[in-house]
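Below is one structure, written out as structure tokens; comments come after it.
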Amino acid sequence: MALATFNPSDSELLKKMVECMGDSQGMVRLSLAETLGSIGKPATPFLLEALAHHLNPVVRRASAKTLTLICEAIAPTTLQKLFYTMRIKSGEEEWD
């Protein structure tokens with residue numbers, strides 16, 4: 001897919017791309033991460049959703065790594081909240 005022809009409002013395609021980041025082949029995941037990183041801001045909500053709620057840990061990990069490529073201002077705050085929530089749910093103490 002050429003990014004020049006990509007429609008950033010195509011939420012179904014973005015969801016499918018994030019879902020495919022659970023592929024067993026690392027090169028497929030890398031290609032998707034690079035593409036989603038190039039797409040940038042339109043992909044961020046889908047990556048954050050997958051990071052917070054996807055059942056597959058491979059998709060969660062790939063989403064986190066892809067968010068570092070995008071460097072959205074919202075990502076660090078959302079990631080901090082997510083990790084804090086995960087620690088509270090797992091019974092760990094609050095961290096600074």
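- Taking CG of Leu48 as the start and CG of Leu67 as the end, the distance is 5.0 Å to the nearest 0.5 Å.
- Residues Pro42 and Leu14 share a closest heavy-atom pair of O-CD1, 3.5 Å.
- The two residues Val58 and Asn56 come nearest to each other via the heavy atoms N-OD1, 2.8 Å.
- In this structure, the side chains of Leu32 and Thr35 stay at 4.5 Å or more apart for every pair of heavy atoms.
- Under the side-chain contact (heavy atoms from CB on, under 4.5 Å) test applied with Thr66, the options Met21, Arg29, Met17 reduce to a single match, Met21.
- At least one side-chain heavy atom of Val18 sits less than 4.5 Å from a side-chain heavy atom of Ser63.
- Between the side chain of Thr68 and the main chain of Lys65, a donor-acceptor pair closer than 3.5 Å is present.
- The CD atom of Glu12 lies 12.5 Å from the CG atom of Asn7; values are rounded to the nearest 0.5 Å.
- Checked for salt-bridge contact, Glu19 and Lys16 miss the test: no charged N lies under 4.0 Å from a carboxylate O.
- Considering CD1 of Ile70 and CD1 of Ile39, their distance stands at 8.5 Å, rounded to 0.5 Å.
- Cluster membership check: Leu36 does not share its hydrophobic cluster with Leu30, using side-chain heavy-atom separations under 4.5 Å among Ile, Leu, Val, Met, Phe, Trp and Tyr.
- In this structure, Leu51 and Leu47 have side chains that are not in contact, with every pair of non-hydrogen atoms separated by 4.5 Å or more.
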